[in-house]
Amino acid sequence: MEQPRSNSFKFFSLGGSNEVGRSSHMLQYKNKTVMLDAGVHPAYQGYASLPFYDEFDLSKVDILLISHFHVDHAASLPYVMQKTNFQGRVFMTHPTKAIYRWLLRDFVRVTSIGNSATGKDENLYTDEDLAESFDRIETIDYHSTVDVGGIKFTAYHAGHVLGAAMFQIEIAGLRVLFTGDYSRELDRHLNSAEVPPFPSDVLIVESTFGTATHEPRINRERKLTQLIHSTVTKGGRVLLPVFALGRAQELMLILDEYWSQHAEELGSGQVPIYYASNLARKCMSVFQTYVNMMNDNIRRKFRDSQTNPFVFKNISYLKNIDEFQDFGPSVMLASPGMLQNGLSREILERWCPEDKNLVLITGYSVEGTMAKFLMLEPDTIPSINNPEITVPRRCQIEEISFAAHVDFQENLEFIEKISAPNIVLVHGESNPMGRLKSALLSNFASLKGTDQEVHVYNPRNCVEVNLEFKGIKVAK
Ligand SMILES: [Zn+2]
């Protein structure tokens, strides 16, 4: 690819544009190259799940910033670091790095199990690659600025999950803000996304929910607890497919509190809650360690009670299904979140033939995954171990979002506060992203033709957005 001209800024994605999954975006300005995120696509396996890394010479990348630990943002990082000609430096926050290690280990394990079933060896990387990459990852504190050869970048709170960051990048006076995945709603444990003190010339922002509106949080919490309560009262089992870490802990805070409030009916093991993940204990210890990076509410609770809020009274850990005694109603939080394989899929196939059981989807379900398919309420689902065998699906399917992405109003409010003249939309399926673009353009229509005109781009993967910047002041 040709060198960028002196004042031209170039953006393009190798993945995660007009889709949710395999996020990987490139910025080029003044001969510097920044890469944002290195994810996989949860609906695909092996090499097909990667961003289009062949389309770009990765040896040109100076720095790679990882916004958070979710697989669609971080799971191809060991591949990039160990299997390509990438030579740049990699940065993430401390909690992201701590969780990244355990999470990707699980990812390696789960994906290699999936492959042995098909007889194909398509592992992207091994445990050893993961360990080697881990040692070369550098960490950054929130609100601190790092300078790598003239590329300055600062991490800000993004909400969403523990450790998630927005990055503001500054090259020769030009400022770009990358939101990663973010949330603005007050959470039980996280700091919500903040507006950086310095303005941005370019905003790269997620568009997951397009122009949709979330119900207020208090309603969603009430719906969640009531639905679960009524299901277990009728003797049903509840499966909550969750990503091992992140939003699962928020759900556990809600359920543990509710169980304590209804102890006479539900407590003392009458209706057990399980958190099933072979990462369960390790993950919880990370959460227990980083309480100081969470919001005031949870830190106050920690101080006042002198007990760690992530030491749950009503939730027990299950490492695998063999130690699970499946008698009577129970609530099971199991990973992975989109039921692609692993524990949650195994439990789904066991429980879905029974009509009094409930599968409750709380995360964002990517196109092409079992979680997305289930929402169509199919009569049968294919078994993971043998796709020719089908399992009848009679259980109830419900969706209540706790995905911690902004909705339209929250996104618009934040975008207005940033007031960047150039907005690049990423991380959204084509339709919601297109609707968001139209809504933003009509929102900013009064500025059209003035010097404050707002430009909105929704490029596809590998399509460049070129912007000319004249007269950018170099901050000294
Ligand atoms: Zn995420």
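Here the structure is a predicted model, which is why all the values come from computation and not from measurement. These values consider heavy atoms only, across backbone and side chains, with no hydrogens, waters or symmetry-generated copies. Start at 1 and go down the list; that is how both ligands and their atoms are numbered.
Checked options L251, V331, L240; the residue passing with I273 is V331 (criterion: side-chain contact (heavy atoms from CB on, under 4.5 Å)).
At least one N/O/S atom of H160, whether from backbone or side chain, sits less than 2.8 Å from the Zn ion (ligand 1).
Two residues are said to be in side-chain contact when any heavy atoms from C-beta on lie closer than 4.5 Å; I298 and L253 meet this criterion.
The atom name of the N/O/S atom in D181 closest to the Zn ion (ligand 1) is OD2. Closest approach between the Zn ion (ligand 1) and any N/O/S atom of H70 involves ND1. Nearest to the Zn ion (ligand 1), among the N, O or S atoms that H68 has, is NE2.
From L104, atom CG reaches atom CG of L130 across 5.5 Å, with rounding to the nearest 0.5 Å.
Of the N and O atoms on the side chains of E206 and T179, not one donor lies less than 3.5 Å from an acceptor on the other residue.
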